[in-house]
Amino acid sequence: MLSMGRGHWVRGIVEEIIKRDDEKIVIHTGKTPSGPIHIGAEREQFICSAIQRELKRRGFESTFNLIIDSYDPIKSIPAALTVPEWFEEELGKPLSSVPDPFGCHGSYAHHFADEFIRCQPELGLSPNIIYTHELYTQPAMKDAIRTVLRRLDQLKAIRRKYLHLQEEDGSTDDWNPVMVVCEKCGRIASMKKEVIPNRLDSWDLVKDELTYTCSACGHKGRGKIGDLPMKLSWRVDWSAKWAVFKVSCEPAGKDHCVKDGAYDMGLEVCKEIFGYRGPLRVPYEWLTLGEHAMKTHKGITFTPMEWLKVAPPEALRYLILSVDPMRHISFLPERIPDIVDSFDRMERQYYGIERIPENTDVEYINDLYRLCVKSKPEEEIPARLPYRFATTIVQLEPLLGAERILSKSAEYAARLRGKPGLTPKEFEDAKMRLSMAAQWVIQYAPPQARFKISDEPAFSTSDKKERQFLESVAQLVGKAQTESELQNEIFNAARSIGLDPSRAFAVLYQILIGSEKGPRLAPLLLALDRDWLIKRLRSGVRSTSNEV
RNA sequence: GGGCCUGUAGCUCAGUACGGUAGAGCGAUGGGCUCUUAACCCAUUGGCCAAGGGUUCAAAUCCCUUCAGGCCCGCCA
């Protein structure tokens, strides 16, 4: 996709949008809050965000709406969710009128939508939020319902074509796409074995009246189109919103973009029934959790909120926006340090302090960086605490304490940029990365990335020089030392005994953390309780002297 | 049955729209650094570009055919 001077893929999309010459540019995206909304949904959000930013860069204003499909019926309860027994009764009601099983929001829809929405500003996104249960009270949507009923035969023909239904004349096709929320039981569909929407029995467009039968409780109702709570079914609903909002562009997952799929049919309905040409389609592939697709209903999810606990928002934007929409992204939480470090590298390239590989489009880097930062790039490159470093030092917290971890980290981050210290903003960033890294270590770090001081030494030596060395170090730590003195003294001790320094360090790490390598030694030794440390060092000798 | 995506170094992937003879990061190995913040620097190691055929002076790139993996087409983005 990228090559010399071409820039980011979003440019191509934006060019097509501009070519449409819409009066107003409206970008849409939607999500059904049927359960926890996972990180894959952010792909659509970020694509829209990127489009909006690129439009702005070219001097075009645009509107970015996030439609929450809160009026859809709840069809099942996600496996990962524990709900009260009586929740079965809620199936078939609009998500917006199902109670929040956690009790903290006004409805089921609000609970899950809200968690997602609250993450959006953190991720550099600021869509207008539109709930469909509110949208459907608007006159424009009521009109859309009237339009659909007026042109029902034409609509049915389109539907038959896309769903490959046999009957040619449609004489037995009594389908209609208008669903009514039952005044008696509150359901919009029954969920017994399959989804059976509440249907209209009759309608009178002159009187603006209709009758319906509830498929769940059997209630027969009647009322004005303007008064009754109702919605259009899926593919027609999508088109209606396109037409009502005059949507210029809406990305969609590959499932909807299949030939003769929902998007194709939606566009035709939009054009033929509502008289609007419909949006530019931007198809995108899925973001999977390793090998597996995320499935809300099976509880296989990773949510934006979980991301924000362990990694910076820019890195998520980077993960998603650095990949062509039609390419599949395989995400694994274990790889977060790679992702953050890659983002940092790109940042350094943007600011010209890291070499850009040959054949790489500089414009692409520039575009991508601007799309990844939350608002605008800073004048100067911010000093960053490398995430991988953070994952290491944070594991020393039980020994060094939070304060020294923080000061060490700040010092290190500043030194990497050749600065005397961090600005308050950079300091906050470093602090944030430390807490994220700490959380990552707890939740996602693979075994080789973890270490800790073992309670019992897992190592002892019978080598004479090594034993002598350990004794020297035990004596060294008994004296007051600065870090650099101690570090040098350890080297000197090893040399004077004739022990290879790298071996000497390995021995110490083995005794302390059961590994060949570890964090810088002197600060670690000084941070430990002195008596404990001396005992530990000598234990590495004593246990063998018993054997000998 | 129909459609989409992917297959390039141990790993993650650039490079494919406009063909010019394979790159990056990570890893691994070796070395350096009065000697380790798993740092840094240097070097080395790495690939029949899934397979076959075609077009061409020239193919990872275009065309055709296979194979493998993933996914979608019943309101899951």
Side-chain angles (χ1 to χ4, degrees), chain A residues 1-4 6 12 29-32 34-35 37-45 47 69 72-73 75-76 78 162-164 189 194-195 197 233-238 251-262 264 283-288 291-298 322-330 332 335 337-339 341-342 345-346 355-361 364 385-386 388-393 396 405 408-409 411-413 415-416 448-449 451 483-484 487-488 490-492 494-495 500-502 504-506 509 515-524:
Chain A
M1 204 66 187
L2 62 140
S3 61
M4 297 307 281
R6 291 284 166 159
T29 164
K31 188 71 193 85
T32 306
S34 53
I37 301 179
H38 57 70
I39 202 170
E42 296 293 4
R43 190 164 199 178
E44 186 168 310
Q45 306 303 310
I47 291 170
D69 288 311
D72 288 11
K75 286 169 294 172
S76 63
Y162 281 93
L163 298 188
H164 308 292
E194 48 178 344
V195 183
S233 63
W234 162 232
R235 293 180 186 213
V236 182
D237 166 82
W238 209 6
K254 52 130 172 245
D255 49 339
H256 296 321
C257 295
V258 170
K259 193 171 178 329
D260 289 338
D264 279 345
Y284 59 91
E285 254 284 352
W286 298 38
L287 188 158
T288 59
E291 303 286 294
H292 310 283
M294 290 197 228
K295 297 272 183 191
T296 301
H297 285 268
K298 289 186 184 166
S322 64
V323 178
D324 184 283
M326 274 318 283
R327 284 186 74 125
H328 156 247
I329 298 176
S330 166
L332 284 172
R335 284 219 299 273
D338 279 341
I339 298 166
D341 285 352
S342 298
R345 188 185 315 117
M346 176 196 60
R355 188 179 63 89
I356 295 174
E358 281 173 49
N359 302 324
T360 302
D361 175 13
Y364 173 80
L385 179 66
R388 211 177 283 280
F389 170 81
T391 63
T392 300
I393 195 165
L396 292 174
I405 300 265
K408 285 267 158 204
S409 299
E411 197 180 293
Y412 179 57
R415 190 143 47 88
L416 285 179
Q448 67 271 20
F451 67 86
E483 285 178 12
S484 60
Q487 186 86 15
N488 279 331
I490 293 169
F491 276 108
N492 291 337
R495 274 203 212 89
D500 176 48
S502 63
F505 275 87
Y509 285 120
S515 148
E516 290 278 319
K517 290 182 168 188
R520 192 173 170 86
L521 201 55
L524 177 61

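All values below come from the heavy atoms of this structure, side chains included, with hydrogens, waters and symmetry mates left out.
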Can you check B:C41 for me, syn or anti if syn means within 90° of 0? anti
B:A17: syn or anti, with syn meaning chi within 90° of zero? syn
Examine distances only and state if a side-chain atom of A:Arg235 and a backbone atom of A:Asp264 form a donor-acceptor pair shorter than 3.5 Å. no
Looking only at side-chain atoms of [X], point me to the closest of [options].
X: A:Arg335; options: B:U12, B:C72, B:C5; value: B:U12
X: A:Asp255; options: B:U12, B:C73, B:C75; value: B:C73
X: A:Met326; options: B:C4, B:C75, B:C72; value: B:C4
X: A:Lys75; options: B:G25, B:C75, B:C5; value: B:C75
X: A:Ser233; options: B:C75, B:U12, B:U16; value: B:C75

Provide the Watson-Crick or G-U wobble partner of [N], both distances under 3.5 Å; none if there is no partner.
N: B:A38; value: none
N: B:G23; value: B:C13
N: B:C71; value: B:G3
N: B:U56; value: none
N: B:C48; value: none

Measuring only the [atom1] atom in each nucleotide, how far is [N] from [M]? A whole number of Å is fine.
N: B:G70; M: B:G31; atom1: P; answer: 43 Å
N: B:U34; M: B:G20; atom1: P; answer: 47 Å
N: B:U29; M: B:A22; atom1: C1'; answer: 23 Å
N: B:G1; M: B:A58; atom1: C1'; answer: 41 Å
N: B:G53; M: B:U61; atom1: P; answer: 13 Å
N: B:G25; M: B:U8; atom1: C1'; answer: 15 Å
N: B:C11; M: B:U16; atom1: P; answer: 23 Å
N: B:U44; M: B:C49; atom1: C1'; answer: 23 Å

Less than 4.5 Å apart, any side-chain heavy atom of A:Val323 and any of A:Arg43? yes
Separation of [N] [atom2] from [X] [atom1] (nearest whole Å):
X: A:Trp286; N: B:C5; atom1: CH2; atom2: P; answer: 16 Å
X: A:Asp72; N: B:C76; atom1: CG; atom2: C1'; answer: 12 Å
X: A:Asp324; N: B:A17; atom1: CG; atom2: C1'; answer: 11 Å
X: A:His328; N: B:G7; atom1: NE2; atom2: P; answer: 12 Å
X: A:His256; N: B:G2; atom1: NE2; atom2: P; answer: 23 Å
X: A:Glu42; N: B:C76; atom1: CD; atom2: P; answer: 19 Å
X: A:Glu285; N: B:C4; atom1: CD; atom2: P; answer: 12 Å
X: A:Trp238; N: B:C76; atom1: CH2; atom2: C1'; answer: 13 Å

Closest non-hydrogen atom pair, A:Ile393 against A:Ile405: O-CD1, 3.0 Å
Which atom pair, heavy atoms only, marks the closest approach of A:Pro78 to A:Gly35? CG-CA, 4.1 Å
With RNA chain B as reference, determine whether A:Phe389 or A:Arg345 sits nearer its 5' end, using the nearest nucleotide of each. A:Arg345
Comparing nearest nucleotides in RNA chain B, the 5'-proximal residue of the pair A:Gly261, A:Glu44 is A:Gly261
A:Tyr284: which of A:His328, A:Glu44, A:Lys254, A:Arg327 passes side chain to side chain donor-acceptor pair (under 3.5 Å): A:Glu44
At 4.0 Å (heavy atoms only), tell me whether A:Thr32 reaches a base, stays on the sugar-phosphate, or touches nothing. sugar-phosphate
Please state whether the phosphate of B:A14, meaning OP1 or OP2, lies under 4.0 angstrom from any side-chain nitrogen or oxygen of A:Arg327. yes
